[in-house]
Asker: 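Next up is a structure, given as structure tokens.
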Number of protein chains: 4
Amino acid sequence: MSPKIVDKEQKRLEIVEAALQVFGRKGYQGSRMSDIAQEAGIGKGTIYEYFNSKDELILAIFEGLTWEYEQLLNQLAESSQPPLEAILGSLTQLLEEVDEYADLTPVCLELWGSRLLSESLGLREKMSDWFERLSAAYARLIVKGQQKGTIHPEIDAKALARTLVSMIDGILLHYGLFRPSPSFFSKQEKELERMVRRALQL
Amino acid sequence: MSPKIVDKEQKRLEIVEAALQVFGRKGYQGSRMSDIAQEAGIGKGTIYEYFNSKDELILAIFEGLTWEYEQLLNQLAESSQPPLEAILGSLTQLLEEVDEYADLTPVCLELWGSRLLSESLGLREKMSDWFERLSAAYARLIVKGQQKGTIHPEIDAKALARTLVSMIDGILLHYGLFRPSPSFFSKQEKELERMVRRALQL
Amino acid sequence: MSPKIVDKEQKRLEIVEAALQVFGRKGYQGSRMSDIAQEAGIGKGTIYEYFNSKDELILAIFEGLTWEYEQLLNQLAESSQPPLEAILGSLTQLLEEVDEYADLTPVCLELWGSRLLSESLGLREKMSDWFERLSAAYARLIVKGQQKGTIHPEIDAKALARTLVSMIDGILLHYGLFRPSPSFFSKQEKELERMVRRALQL
Amino acid sequence: MSPKIVDKEQKRLEIVEAALQVFGRKGYQGSRMSDIAQEAGIGKGTIYEYFNSKDELILAIFEGLTWEYEQLLNQLAESSQPPLEAILGSLTQLLEEVDEYADLTPVCLELWGSRLLSESLGLREKMSDWFERLSAAYARLIVKGQQKGTIHPEIDAKALARTLVSMIDGILLHYGLFRPSPSFFSKQEKELERMVRRALQL
DNA sequence: AATGAATGAGTATTCATTCAT
DNA sequence: GATGAATGAATACTCATTCAT
């Protein structure tokens, strides 16, 4: 409540922001703590007043993502739209927010791929968990649609749901890595939507 | 071909093989040159008789993949199957060969994500190139199908083709990282095939 | 004496006391200024209102010891006991007060042994001086005893005195480091006294 | 057996020797690995080919001391001299070898006193063990002498033995720290011998 | 006077690469 | 050709001290 606390939280955010910039530019291994400090306009030691280690810094970044992600899951669960529309809406939303996280894509890959880091940070498990939950939410919607008769009855809900998740992840990764032009990406969005719609419809 | 040259090439392959094992087990950053030497049953210095650096070693591995990949592109180009079947066949083939490269998935992510390595090795460009070429091949088949009237005429061939590539990459990455059970993955395969078939058909 | 001054001196003492506790628990190198501040229930910066550095803090502790030590020297000089009894009494007193300083023994060793600190603090010299003065006091008493005929005339007073000082220091150090049981240590005291008495007597 | 192994052992010794020099000059904390490397005329990294850490280096030094010390214990145990002479001989021997280890005295104190190091290296325990064993050896000799009637029967053998050990340690420490002149130290030796002889005799 | 947020100098350790044998 | 001993650049982290409030 005291102004000090406000400052502390503000500064913590500033440091995370700076870290995001630097990690996005140089990758995790390629970024030195002093780079991040410089980007934040503070001294190297100051970072350690707010984070205990470089690892904790990356975890803080991922916590931000986790939060956004929980939002998405909640929206899916609470959606009053018909199942098919809810799924398509969620896909569209992911694709539309893509620019917010695109800079972080390479860092995600780097950490995700690195046995050492991924395991010490518990990232692999965390990611696995994310995808499973999103997949389960899609599966529930598919089943609901099948019960309502709006989604094709022969579909294996779980298998398709998990496939959708992998697919969308692939599309997001390629966006972050190869940065297609907005006009082209918007065409891709349309094709994806058409594909998923036709796949699910009766 | 003097016996010396045969030896050289043979040993080169053995080293690449050992590197594959070790990278698959410990990741790229996590593997020391001495680990690879030990796995290959040779001295650390000997690796440098065949490769100039650790980077060159990883490049050699990727060249192996490139070769496999060229095969796939050639098959696609030369395929006498109807376009729709050719595309589905290619997807199926990628999914069926997945185990061959799955161990390397994390390493690919690690290198791909690491700005430092990815750029110094020219990986980003190389990968971009791969995906563009595969995408172009799919696009050509789609157009051909549209001309023949077997593929939906409203589809934007290039956009869908590039989307298919991202999707399939996502599915392969998730396979390598999360290792679904064979029975579940085979259901995913079926759902993917159905989805793509319905998306492309009239 | 304005109340401010009283406060200052009081607080200074409190800080020294806290430092004693913390140094005793964690050693000199192992104690952070913030530990001491916390123990004293004040802010880190406040210590620097009373002491210019961590070194000065340890010097203040040693000044306390010096004062106790001066007392001992004065008692020795002014003692009206026969020389032999004075020496034995002084040894006994040192052994009996051992618990007061025992916690500080490791810190003394740490500082004493560390070239860096020991020299920058002038500890080596200071300690050397202490021991020389105690030794000189013993030597004077031995000579007096020899003149009175109560102490063995063949003894080299200075050499024995200096040896007594080293011996007693060794015993105090071992007490502080290994903490013998009180009952065993009291037996050691008796044996030491017997030894010194027999060594000095005719 | 191969020349490489001989070199390795030789070099290991050279590094220990260099470390001894540097630690003796600057203390443990005050010595940087690069100082030791420079003293040994090798690269910094080379030290790590022979020792895993700075700690391991200091342990190697102490192992040398341990070995010398075991010799002393063995000599004491196997001595065919009368008990009194055996004890006095052992004390004399310790005092005569004093110059060999004197340079290491401050380092011993530094490590011994530093909670952090002493505990992580297991030094405190090791030292305690040394002193207990020497003390036990003296106690056995005292008891033997009492049985033979050459040593005063009222002496508490264990208490005196442990006191002798502390005493001699004090004398050795003061030698290493204050470096008395050889002529004075030799007088101290004589006084110590006389003292111990008179303390033990009937 | 009191505080504690900010600072940055200082250092052990790893490991790709070299090169003498 | 093969080796592995030697190398040193590169970097996260700690903590005494400062100084704005």
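Chain A is the first sequence line, chain B the second, and so forth, proteins listed ahead of strands; every chain is numbered from 1.
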Asker: Classify D:Ser53 by what it touches in the nucleic acid, base, sugar-phosphate, or nothing, heavy-atom distance under 4.0 Å.
Answerer: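 Sugar-phosphate, no base atom in range.
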Asker: For the base of E:dT17, is there a side-chain donor-acceptor partner from B:Lys54 under 3.5 Å away?
Answerer: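 Looking at the base of E:dT17, it does not pair with any donor or acceptor on the side chain of B:Lys54 (distance under 3.5 Å).
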Asker: What residues, two or more places apart in sequence or in another chain, satisfy side-chain contact (heavy atoms from CB on, under 4.5 Å) together with A:Gln21?
Answerer: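 Partners of A:Gln21 by the side-chain contact (heavy atoms from CB on, under 4.5 Å) criterion, ordered by chain and then number, come out as A:Glu17, A:Arg25, A:Glu39.
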Asker: Flag yes if more than 12 heavy atoms outside D:Glu56 fall under 6.0 Å of its CD atom; otherwise flag no.
Answerer: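 Yes, the 6.0 Å shell around CD holds more than 12 heavy atoms from other groups.
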Asker: With both distances kept under 3.5 Å, what pairs with F:dA20, Watson-Crick or G-U wobble?
Answerer: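 The base-pairing partner of F:dA20, which may sit in any strand shown, is E:dT3.
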Asker: Using whole Å, report how far CG of B:Asp35 lies from P of E:dT14.
Answerer: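 After rounding, the gap between these two atoms is 14 Å.
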Asker: With a 4.0 Å limit, can you tell me whether D:Thr46 has a side-chain N or O closer than that to the phosphate oxygens OP1/OP2 of F:dA5?
Answerer: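 Looking at the OP1 and OP2 atoms of F:dA5, neither is under 4.0 Å from any side-chain N or O of D:Thr46.
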Asker: Return yes if the base of F:dG4 and the side-chain atoms of D:Lys11 contain a donor-acceptor N/O pair under 3.5 Å, otherwise no.
Answerer: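 Counting by modelled atom types and ignoring angles, no donor-acceptor contact under 3.5 Å is found here.
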Asker: Measure from CG on A:Leu117 to P on F:dA12 and round the result to the nearest Å.
Answerer: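 The distance from CG of A:Leu117 to P of F:dA12 comes to 12 Å, rounded to the nearest Å.
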Asker: Toward the 5' end of DNA chain E, which comes first, D:Ser31 or A:Gly45, by nearest nucleotide?
Answerer: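 Counting from the 5' end, the first nearest nucleotide belongs to A:Gly45.
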Asker: Want to settle it: does C:Asp55 or A:Ser34 sit nearer the 5' end of DNA chain F, counting the closest nucleotide to each?
Answerer: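 It is A:Ser34 whose nearest nucleotide is closer to the 5' end.
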Asker: Contact class for B:Tyr50 vs. all strands (heavy atom < 4.0 Å): base, sugar-phosphate, or nothing?
Answerer: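 Touches sugar-phosphate only.
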Asker: Grab the CE-C1' distance between A:Met33 and E:dG8 for me, whole Å please.
Answerer: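 Taking atom C1' of E:dG8 as the reference, CE of A:Met33 is at 14 Å.
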Asker: On DNA chain F, nearest-nucleotide positions of B:Gly41 versus D:Ile42: which is more 5'?
Answerer: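 The answer here is B:Gly41.
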Asker: On DNA chain E, nearest-nucleotide positions of D:Arg32 versus B:Arg32: which is more 5'?
Answerer: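 By nearest-heavy-atom nucleotide position, the 5'-most residue is D:Arg32.
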Asker: Please determine if a side-chain N or O atom of C:Lys44 lies less than 4.0 Å away from the OP1 or OP2 oxygen of F:dT18.
Answerer: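 C:Lys44 to F:dT18 OP1/OP2: no side-chain N or O under 4.0 Å.
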Asker: Yes or no on salt bridge (charged side-chain N to carboxylate O under 4.0 Å, His left out) for B:Asp35 and B:Arg32, after CA distance, side-chain angles and deciding distance?
Answerer: CA-CA 5 Å; B:Asp35 294 330; B:Arg32 285 171 287 163; 3.8 Å; yes
Asker: Does the structure place the NZ or CZ of B:Lys54 under 6.0 Å from the centre of the six-membered ring of B:Tyr28, at an angle of no more than 45° from the ring's axis?
Answerer: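 Yes, B:Lys54 and B:Tyr28 form such a contact.
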